[in-house]
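First the structure, in the form of structure tokens, and then the observations on it.
Throughout, protein chains are lettered first and strands after them, A, B, ... in sequence-line order, and every chain is numbered starting at 1. Keep in mind it's a predicted model, so treat the numbers as computed, not measured.
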Number of protein chains: 2
Amino acid sequence: MKMKLQVIMNDDLFLRDPEHTELGRNIVKYSIQYIHQFGFEAFTFKKLAEDIGTTEAGVYRYFENKHRLLTYITAWYWSWLEYQIVFQTNNVNDPVIKLKKVIKLLATAVQDDDQTSHVNEKLLHNIVISEGSKVYLTKQVGEDNKQQFFKPYKELCSVISAIILECSPKYKYPRSLATTIIEMAHLQNFFMNNLPSLTDFSKTKEDSDIIAFLNDLVFSSIKKR
Amino acid sequence: MKMKLQVIMNDDLFLRDPEHTELGRNIVKYSIQYIHQFGFEAFTFKKLAEDIGTTEAGVYRYFENKHRLLTYITAWYWSWLEYQIVFQTNNVNDPVIKLKKVIKLLATAVQDDDQTSHVNEKLLHNIVISEGSKVYLTKQVGEDNKQQFFKPYKELCSVISAIILECSPKYKYPRSLATTIIEMAHLQNFFMNNLPSLTDFSKTKEDSDIIAFLNDLVFSSIKKR
DNA sequence: TTATAGATGATAGTATTACTATTATATACA
DNA sequence: TGTATATAATAGTAATACTATCATCTATAA
């Protein structure tokens, strides 16, 4: 069985749908590579165009600016991740096992998914770790939110908070705990690799330590008392 | 009693010490105002210079670039906050009360501190919430770390993790829990005000709700079991 | 088969940003 | 009085973040 998985994106995120053309898919593909390698600050449409063999104006036909492109690829990531979670927790009845799977998915280095040829999920995962919060930490956050740019993130948060409530129906902070899990899965990874003394994982640098930390944090909080 | 409180800064953070001159103090003061009002992306040394009534080159004599300036003011904030914590938890014997005070200090809107005339801590607190993580979420994080730019943040993390261990000597993740408290105190505030559906505080929008959430999170985790 | 819409390429141009350099002036202090 | 220090004024450069125009190529509907 060979399937192609297509993420449906909010079409206010782009000017021309990058999924529809070779150039569009290349823009997404090479953006991910460039941002991963040199960081979002160093990333420009001109340099990207050179990498692809098109022109700056060519890229601008697809995305309004580089911030919008970052918003696009992170939104794509959250949608993809929600799908992974829904898929992998399907038919699991025990909500505790579900939540553990979620934590594991969030905190584990991703494998590139062959179903989506032009997106390297492994690189994208790393981008979301180090650049993801720049998407909303801006003065336009309100307007971007009105245009539903953060819907995939919010949906993921909803899914996780629903699982939390399944585990512990009376827990009072399911959404805040959900964002805590998401953000900390990423931030502890960033700290572990870049500012290790801010974590307790500096010796091993293992994803599994972060998972253990998050499991401990989450399940002691939501345990019925 | 009228005291002047001076934060000693790592002098690799600036080219010329802004505390020493009127212009320097103005650069810090007006940067904080500008970044608070328009955000870090819109902030340039040219616009700042116009606000102050000096020239772009004048600002460059104090700081290498705007990222370095942001690093400076956030480092200043963390140092100042650590002092507040040490001061306010002094003579408190019960580590649980200490930790609660820490959480409260982290999650409460700050009052402007008259002891530091040219820094508006209230605005700076908001800047650290919305721009603070941009300081380390860069490709230069390793080099900046070598130059000790994040020492104040790390010290704060150490102080908090020491209190956590006082509460619960066997707790395995004191540092990661400390950064979780710090980051979540800020991020839940940002979400509450900008993307409220990601939190459980959208109705009240009260700092006290965030404090309650963090207290619940922290004390259920470190409780002896 | 032709007309045409859609996508791309090539080129040019602008305002702003992120700096660096130089020179002159003001002040401070020894 | 001389000298160091800080600042102001000005100029200049390379890169960034766009916008605009026009020619070409290609797929497909008339």
Between [N] atom [atom2] and [X] atom [atom1], what is the distance in whole Å?
X       : N      : atom1 : atom2 : value
A/Phe63 : D/dA17 : CZ    : C1'   : 17 Å
B/Leu15 : D/dT5  : CG    : C1'   : 16 Å
A/Arg68 : D/dA17 : CZ    : P     : 15 Å
A/Lys66 : D/dC18 : NZ    : P     : 9 Å
B/Phe38 : C/dT17 : CZ    : P     : 13 Å
B/Asn65 : C/dC19 : CG    : P     : 5 Å
A/Asn26 : C/dA7  : CG    : P     : 16 Å
A/His67 : D/dC18 : NE2   : C1'   : 17 Å

Nearest-0.5 Å distance, CZ of residue A/Arg61 to OG1 of residue A/Thr55: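 Answer for the CZ-OG1 pair, A/Arg61 versus A/Thr55, is 6.0 Å.
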
What I'd like to find out is whether the side chain of A/Thr180 reaches to under 4.5 Å of the side chain of B/Thr180, using heavy atoms alone. yes

Taking the side chain as every heavy atom from C-beta outward, state whether B/Glu41 and A/Lys134 have any atom pair closer than 4.5 Å. no

Assign the ring pair [X] / [Y] to parallel, tilted or perpendicular, where the plane angle (0 to 90°) is split at 30° and 60°.
X        : Y        : answer
A/Phe201 : B/Tyr173 : tilted
A/Phe14  : A/Phe63  : perpendicular
B/Trp76  : B/Trp80  : parallel
B/Tyr153 : B/Trp78  : perpendicular

Between A/Arg25 and A/Glu22, is there a side-chain N and carboxylate O pair less than 4.0 Å apart? yes

Are A/Phe191 and B/Tyr136 close enough that their ring centres sit under 6.0 Å apart? yes

is_close_aromatic(A/Tyr34, A/Phe38), centroid dist under 6.0 Å: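 Aromatic pair counts; centres sit under 6.0 Å.
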
Report all interatomic pairs (protein N or O, nucleotide N or O of nucleotides 8-15 of chain C) with separations under 3.5 Å.
residue : atom : partner : partner atom : Å
C/dT8   : OP1  : A/Tyr62 : OH           : 3.3
C/dT8   : OP2  : A/Tyr62 : OH           : 2.6
C/dG9   : OP2  : A/Thr54 : OG1          : 2.7
C/dG9   : N7   : A/Arg61 : NH2          : 3.2
C/dG9   : O6   : A/Arg61 : NH2          : 3.0

Please check: side-chain N/O of B/Arg175 versus main-chain N/O of B/Cys157, any donor-acceptor pairing under 3.5 Å? no

Check each residue of residues 39-49 of chain A for a non-hydrogen atom within less than 4.0 Å of any atom in DNA chain C, then write out the ones that pass by number, or none. none

So which protein N/O to nucleotides 26-30 of chain C N/O distances come out below 3.5 Å?
none

